[in-house]
Amino acid sequence: MLIVADENIPLLDSFFGDIGEIRRVSGRTMSNADVRDADILLVRSVTRVNRELLESSRVRFVGTTTIGTDHVDLDWLEQAGIRFSAAPGCNANSVAEYVLSVLSLHAERRGLSDWSQLSVGIVGVGNVGGELAHKLERLGFDVRLCDPPRADREEGDQEFVALEEAMKCDVVSLHTPLTREGSHPTFHMIGQAELETLGANQLLINAGRGEVIDSSALLARLDQGNAPTFALDVWEQEPRIHPELVDRVWLATPHIAGYSLEGKVQGTEMIYQALSQFLGLPVRKKAGQFLPEPALSKISFTSSAQEEDAIRIALRACYDPRRDDARLRNVMTGSLEERGAAFDRLRRDYPVRRECSSLKIQLKGTSKSLQDSFRAIGFKLKI
Ligand SMILES: NC(=O)c1ccc[n+]([C@@H]2O[C@H](COP(=O)([O-])OP(=O)(O)OC[C@H]3O[C@@H](n4cnc5c(N)ncnc54)[C@H](O)[C@@H]3O)[C@@H](O)[C@H]2O)c1
Ligand SMILES: O=C(O)[C@H](O)[C@H](O)COP(=O)(O)O
């Protein structure tokens with residue numbers, strides 16, 4: 001059995017080595033010729049999976065080690081009788097931790113002594129938005145949820161607000177998929193009109209898909225007085241992103257919000273499980289067995305620790321988006337092609353980043369409220 005896989009999927013040999021022969025190819029340039037004789041295709045978000053790629057190939061199963069599926073023509077795969085599997089939720093916690101770290105930086109920048117004073121509007125309350133809401137609510141933030149498709153389905157007892165309401169929060173965080181059809185398409189959902197409603201004290205975060213914000217409208221908004229602050233992890237036309245936008249936003253990162261090691265390995269594990277089920281093979285491997293010891297394993301705080309400082313220190317010890325921001329800004333030179341290649345390189349060579357659950361926090365004589373906050377974020381505690 002031949003498995004053609006994006007060369008940047010981690011642990012290909014460990015998970016798939018005994019299922020078939022693995023041919024590694026570049027996900028960005030993968031072509032019909034690369035996959036024609038394959039039985040199984042494993043991709044990431046950078047490969048367009050459609051008729052053009054797969055017609056007259058032997059492929060029977062396509063797996064994407066990602067949450068998003070907007071790069072895949074799901075209708076065509078179904079018509080062609082090709083089984084498809086994605087990795088829902090695999091890196092949801094990683095994205096939630098990215099947002100928490102951005103919030104802690106934003107609160108500090110605004111001189112707030114208590115970050116939970118910020119109200120947060122979450123747009124798109126699925127795996128990522130839901131995980132983020134859960135953490136923020138436990139941390140005492142005022143959270144407003146916006147998810148029209150879920151509101152239409154009148155699910156559960158959650159209360160949803162309209163986009164206009166969510167956009168009134170101090171921070172608005174976008175976690176929708178990219179959709180162009182249906183009752184609530186997200187393509188350019190945030191355009192000139194929506195951007196006009198945001199004021200100078202507000203922060204808009206996009207860690208969903210770049211095309212959810214109209215970049216031209218965003219650039220125009222940045223030209224006006226009273227512009228809000230922006231933290232963008234995703235961009236229109238990746239990898240050839242707009243350098244002026246990078247220059248003008250507060251935090252610019254190269255689509256790595258979901259790039260914790262745990263998130264990546266879980267993505268591979270979920271596709272391994274789906275493929276094993278498809279082939280009728282036993283599931284013997286688990287993501288946990290491939291996670292190495294973290295480089296930083298423990299931090300201690302004593303009773304002198306100030307709550308906000310302790311949270312900041314621990315969060316940023318795990319993940320500080322300013323490092324990714326600096327790396328992206330450093331490579332925004334040269335031609336469009338050179339910048340695009342550099343954007344992809346930053347993602348390919350991404351340093352190991354561990355989630356908060358990998359860090360044990362030792363607390364001596366600290367308050368109950370600090371302990372609760374650490375637990376809400378996802379740290380392991382040793383009291
Ligand atoms: N930056 C990153 O590294 C990164 C990592 C993971 C996922 N993502 C992106 O984030 C998206 C969300 O991930 P998820 O796991 O939460 O997906 P999900 O499918 O679990 O949830 C998406 C939610 O968005 C809602 N939604 C759809 N259209 C909407 C609209 N017009 N307005 C408001 N809500 C709407 C859906 O009803 C759903 O509840 C993914 O599709 C992917 O594109 C990015
Ligand atoms: O959809 C997702 O899961 C994320 O956007 C993911 O982080 C994309 O990563 P990539 O497939 O580009 O490595």
Side-chain angles (χ1 to χ4, degrees), residues 5-10 27-28 42-49 63-72 86-99 102 121-134 144-153 155-156 158 160-167 172-190 194 205-212 231-235 238-239 253-268 270-271 319 321 324 343-344 346-350 353:
D6 182 315
E7 62 195 355
N8 292 333
I9 295 176
R28 197 61 90 180
L42 307 179
V43 296
R44 297 166 43 243
S45 74
V46 299
T47 303
R48 299 240 140 260
V49 181
T64 182
T65 59
T66 59
I67 286 186
T69 56
D70 47 289
H71 53 297
V72 182
C90 65
N91 52 33
N93 191 59
S94 175
V95 180
E97 290 187 2
Y98 154 89
V99 176
V102 171
I122 300 179
V123 182
V125 192
N127 283 301
V128 176
E131 181 61 37
L132 177 63
H134 181 64
R144 266 164 263 170
L145 306 176
C146 165
D147 193 315
R150 289 189 60 194
D152 287 354
R153 294 197 295 272
E155 282 179 11
Q158 265 171 326
F160 294 107
V161 302
L163 180 61
E164 303 82 69
E165 277 306 305
M167 298 284 291
V172 182
S173 201
L174 305 178
H175 302 287
T176 66
L178 172 61
T179 55
R180 292 166 199 269
E181 280 152 27
S183 319
H184 305 287
T186 62
F187 177 74
H188 285 188
M189 179 174 77
I190 307 295
E194 291 73 23
I205 303 172
N206 188 9
R209 283 291 182 263
E211 287 77 4
V212 173
L232 301 185
D233 179 56
V234 288
W235 308 81
E238 291 177 19
T253 50
H255 192 157
I256 46 63
Y259 265 24
S260 69
L261 185 64
E262 285 84 345
K264 286 182 175 188
V265 174
Q266 275 155 203
T268 311
M270 288 172 83
I271 294 308
Y319 180 57
D324 288 326
F343 184 91
D344 274 345
L346 287 179
R347 306 190 74 225
R348 186 195 64 198
D349 303 334
Y350 195 67
R353 165 172 137 213

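Numbering of ligands and ligand atoms starts at 1, following listing order.
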Minimum heavy-atom separation for [X] and [Y], please, with both atom names.
X: Arg28; Y: Glu238; answer: NH1-O, 3.9 Å
X: Cys146; Y: Ala162; answer: SG-C, 4.1 Å
X: Thr253; Y: Trp235; answer: O-NE1, 2.9 Å
X: Val43; Y: Asp6; answer: CA-CB, 4.4 Å

* To do: Anything under 30° is parallel, anything over 60° is perpendicular, the rest tilted; go ahead and classify Tyr319 against Tyr98.
  => tilted
* Asked: Is there a donor in the side chain of Asn127 and an acceptor in the side chain of Glu131, or the other way round, less than 3.5 Å apart?
  ->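 No, no side-chain donor-acceptor contact under 3.5 Å.
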* **Donor-acceptor side-chain pairing of Tyr259 and Arg353 below 3.5 angstrom** => no
* ligand 1: protein residues within heavy-atom distance under 4.0 Å -> Ile67, Gly68, Asn91, Val95, Val123, Gly124, Val125, Gly126, Asn127, Val128, Cys146, Asp147, Pro148, Pro149, Arg150, His175, Thr176, Pro177, His184, Thr186, Met189, Ala207, Gly208, Arg209, Asp233, Val234, His255, Ala257, Gly258
* So which residues, sorted by chain and number, lie with a heavy atom under 4.0 Å of ligand 2? ->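 Residue list for ligand 2: Arg44, Ser45, Thr66, Ile67, Gly68, Asn91, Arg209, His255, Tyr259, Arg347.
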* Gap between atom CG of Leu174 and atom CG of Leu163 - 0.5 Å precision ->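 The CG atom of Leu163 sits 8.5 Å away from the CG atom of Leu174.
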* Asked: Asn93 and Glu262: side-chain contact (heavy atoms from CB on, under 4.5 Å), yes or no, with the steps?
  -> CA-CA 9 Å; Asn93 191 59; Glu262 285 84 345; over 6 Å; no
